[in-house]
Amino acid sequence: MQTFIQLSATTLQIGAVYVLFSLGLTLIFGVMRIVNFVHGHIFAVAALVVAYLLPILVGGGLAAPAAYVLASICGIAASLGLGVIIYLFGFRYFQRDLVGSFILSIGLVLLLDGVLLHVFGGAVRGVPEIFPGSVNIAGAQITVQRLFLCGVAFLMAGILYWTLGHTKLGRALRAVAYDHEAAMMMGVPYARIAFFGFLIASLLAAIAGALIAPVSIVSPVIGTDYLIKGFIAVIIGGLGSVPGAILGSLFVALVETLGGYYFDSSYATIAIFALVIVVLLFRPKGVMGRA
């Protein structure tokens, strides 16, 4: 029982960041019908800024939680700024164009790889502990830092889910995702809604990056692994489906956790890719289907 609780807690800790990351990917695809490989770099910028600023702020005498909040605000702002630039000067001209957005994404990935490496260097960065201590839940030890990560991640997922279902912006996002031409005929400003959708997706990636910085080693390539796992999650759950992104993220985290505990982590990675192949063969629209 203790092992089951510990594995469940680990799955939620890993899956929490995957959920936020995947929600951004599925939101962009649902609204704009584009594949955004730069999503990982928006995630990475927030993590890198937090990892860079936090030791400086703590060294300057600021308490660790206050320094983390300030560094996170700066990191999220930097990621949102990058998202706005990428949209206005790139993806705005390739909406609902899978081929064009794919080529643009690859070019931006190569460009931003060089920029991040030049600005932050190639060395990995560690972040000081923000919330020390751990909590014992039925014999399973969970750190306070990871509890904070899970709480914020699932709170943001809940806010997004509520926004899509109960606000004017959310209804507009769902309308253009379902049929953008019909939505435009009904007076929905598609260009503005697409921009807000991209901005919300960038915000989710930025928050995920800020949350992962204190519990992971941060480097300019940190976004690559999360990008792969994020796409796997949305493929399993269903492209454009918010519940599917959440389900797929938790399932990927579960496979990683069980594979890492009972076998080698490399077997978990193989199992995840095998699962994607099976899903594409027998349910190409994903478990929940495309929204």
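What you see is a predicted model; the values in this text were computed from it and never measured.
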K.L.:
Is there a path of hydrophobic side-chain contacts, each under 4.5 Å between heavy atoms of I, L, V, M, F, W or Y residues, that connects Tyr93 with Leu108?
P.N.:
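Yes; tracing contacts between hydrophobic side chains, which count when under 4.5 Å, links both residues.
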
K.L.:
Verify whether the ring centers belonging to Phe94 and Phe102 lie closer than 6.0 Å.
P.N.:
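No, too far apart.
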
K.L.:
Can you tell me how the ring of Phe131 sits relative to the ring of Phe148, calling it parallel under 30°, perpendicular over 60° and tilted otherwise?
P.N.:
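It falls in the tilted class, 30° to 60°.
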
K.L.:
Give, for atom CE of Met186 and atom CG of Asp179, the distance between the pair rounded to the nearest 0.5 Å.
P.N.:
11.5 Å

K.L.:
Once rounded to the nearest 0.5 Å, what's the spacing between atom CG of Leu48 and atom CZ of Phe43?
P.N.:
9.5 Å

K.L.:
Identify whether Leu117 and Ile86 are in the same connected component of the hydrophobic contact network (ILVMFWY, side-chain heavy atoms under 4.5 Å).
P.N.:
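Cluster IDs for Leu117 and Ile86 differ.
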
K.L.:
Do Leu27 and Val242 touch side chain to side chain, with heavy atoms closer than 4.5 Å?
P.N.:
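Leu27 does not reach Val242 side chain to side chain.
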
K.L.:
Can you get from Leu258 to Ile270 by hopping between Ile, Leu, Val, Met, Phe, Trp and Tyr side chains that sit under 4.5 Å apart?
P.N.:
no

K.L.:
Compare every heavy atom of Ser72 with every heavy atom of Val50, then report the nearest pair and how far apart it is.
P.N.:
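The pair with the smallest heavy-atom distance is CG2-CA, 3.8 Å.
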
K.L.:
Side chains of Ile34 and Leu104: does their closest heavy-atom pair fall under 4.5 Å?
P.N.:
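Counting from C-beta outward, Ile34 and Leu104 never come under 4.5 Å.
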
K.L.:
Main chain of Ala245, side chain of Ser22: is a donor-acceptor contact present, judged purely on distance under 3.5 Å?
P.N.:
no

K.L.:
Closest approach of Ser105 and Asn36, non-hydrogen atoms and distance?
P.N.:
OG-CA, 3.8 Å

K.L.:
Could you pull out all residues at least two apart from Arg174 that satisfy side chain to side chain donor-acceptor pair (under 3.5 Å)?
P.N.:
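Per chain and number, Arg174 pairs via side chain to side chain donor-acceptor pair (under 3.5 Å) with no residue.
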
K.L.:
Decide if atom CZ of Arg192 counts as having more than 12 heavy atoms of other residues, nucleotides or ligands within a radius under 6.0 Å.
P.N.:
no

K.L.:
Determine whether Val215 and Val17 satisfy the following criterion, side chain to side chain contact (heavy atoms under 4.5 Å, CB included), listing intermediate values before the conclusion.
P.N.:
CA-CA 11 Å; Val215 297; Val17 176; over 6 Å; no

K.L.:
Okay, side chain of Arg96, backbone of His180: is any donor-acceptor separation there less than 3.5 Å?
P.N.:
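Absent.
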
K.L.:
Closest heavy-atom contact between Gly230 and Leu25?
P.N.:
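What the structure gives for the nearest pair is C-CD1, 3.7 Å.
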
K.L.:
Under 3.5 Å, sequence neighbours excluded: what are the donor-acceptor pairs made by side chains of residues 152-167?
P.N.:
residue	atom	partner	partner atom	Å
Thr163	OG1	Ile159	O	2.7
His166	ND1	Trp162	O	3.2
Thr167	OG1	Thr163	O	2.6
Thr167	OG1	Gly170	N	3.0

K.L.:
When rounded to the nearest 0.5 angstrom, what is the spacing between CG in Leu20 and OG in Ser249?
P.N.:
9.0 Å

K.L.:
Does one hydrophobic cluster hold both Leu204 and Leu169, with members joined at side-chain heavy-atom distances below 4.5 Å?
P.N.:
yes

K.L.:
What is the distance from atom CG of Leu211 to atom CD1 of Ile130, rounded to the nearest 0.5 Å?
P.N.:
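Interatomic distance, Leu211 CG to Ile130 CD1, rounded to 0.5 Å: 11.5 Å.
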
K.L.:
Is there side-chain contact between Phe251 and Leu275, with heavy atoms separated by less than 4.5 Å?
P.N.:
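Yes; the side chains approach each other to less than 4.5 Å.
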
K.L.:
What pair of heavy atoms forms the shortest contact from Ser219 to Val124, and how long is it?
P.N.:
CB-CG1, 3.9 Å

K.L.:
Tell me if a side-chain donor or acceptor on Tyr68 pairs with a main-chain N or O of Ala210 at a distance below 3.5 Å.
P.N.:
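Yes: the side chain of Tyr68 pairs with the backbone of Ala210.
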
K.L.:
Among Leu281, Val279, Leu280, find the one that has a side-chain contact (heavy atoms from CB on, under 4.5 Å) with Ile277.
P.N.:
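Filter result, single survivor: Leu281.
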
K.L.:
State, to 0.1 Å, how close Leu149 and Ala16 come at their nearest heavy-atom pair, and which atoms those are.
P.N.:
CD2-CB, 3.6 Å

K.L.:
Are Val49 and Phe120 packed together at the side-chain level, in the sense that at least one heavy-atom pair is separated by less than 4.5 angstrom?
P.N.:
yes

K.L.:
For atom CZ of Phe37, decide whether the heavy atoms of other residues, nucleotides or ligands shown that lie under 6.0 angstrom number more than 12.
P.N.:
yes

K.L.:
Please collect all salt bridge (Lys or Arg N to Asp or Glu O under 4.0 Å) contacts where either partner lies in residues 225-234, sequence neighbours excluded, each pair once.
P.N.:
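Qualifying pairs, neighbours excluded: Asp225-Lys229, Lys229-Glu256.
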
K.L.:
What closest approach, in Å, do Phe91 and Val35 show between heavy atoms, and which atom pair accounts for it?
P.N.:
CE2-O, 4.4 Å

K.L.:
Hey, could you give me the CD1/CZ distance between Ile200 and Phe195, rounded to the nearest 0.5 Å?
P.N.:
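Going from the CD1 atom of Ile200 to the CZ atom of Phe195 covers 10.5 Å.
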
K.L.:
Do Asp113 and Leu116 touch side chain to side chain, with heavy atoms closer than 4.5 Å?
P.N.:
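A side-chain contact is absent here, since even the closest heavy-atom pair is not under 4.5 Å.
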
K.L.:
So which of Val234, Ile42, Leu227 actually passes side-chain contact (heavy atoms from CB on, under 4.5 Å) with Phe21?
P.N.:
Leu227

K.L.:
Under 4.5 Å between side-chain heavy atoms, hopping through other hydrophobics if needed: is there a path connecting Val255 to Phe273?
P.N.:
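Same hydrophobic cluster.
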
K.L.:
Can you tell me how far apart CZ (Phe198) and NE2 (His39) are? Round to the nearest 0.5 Å.
P.N.:
8.5 Å

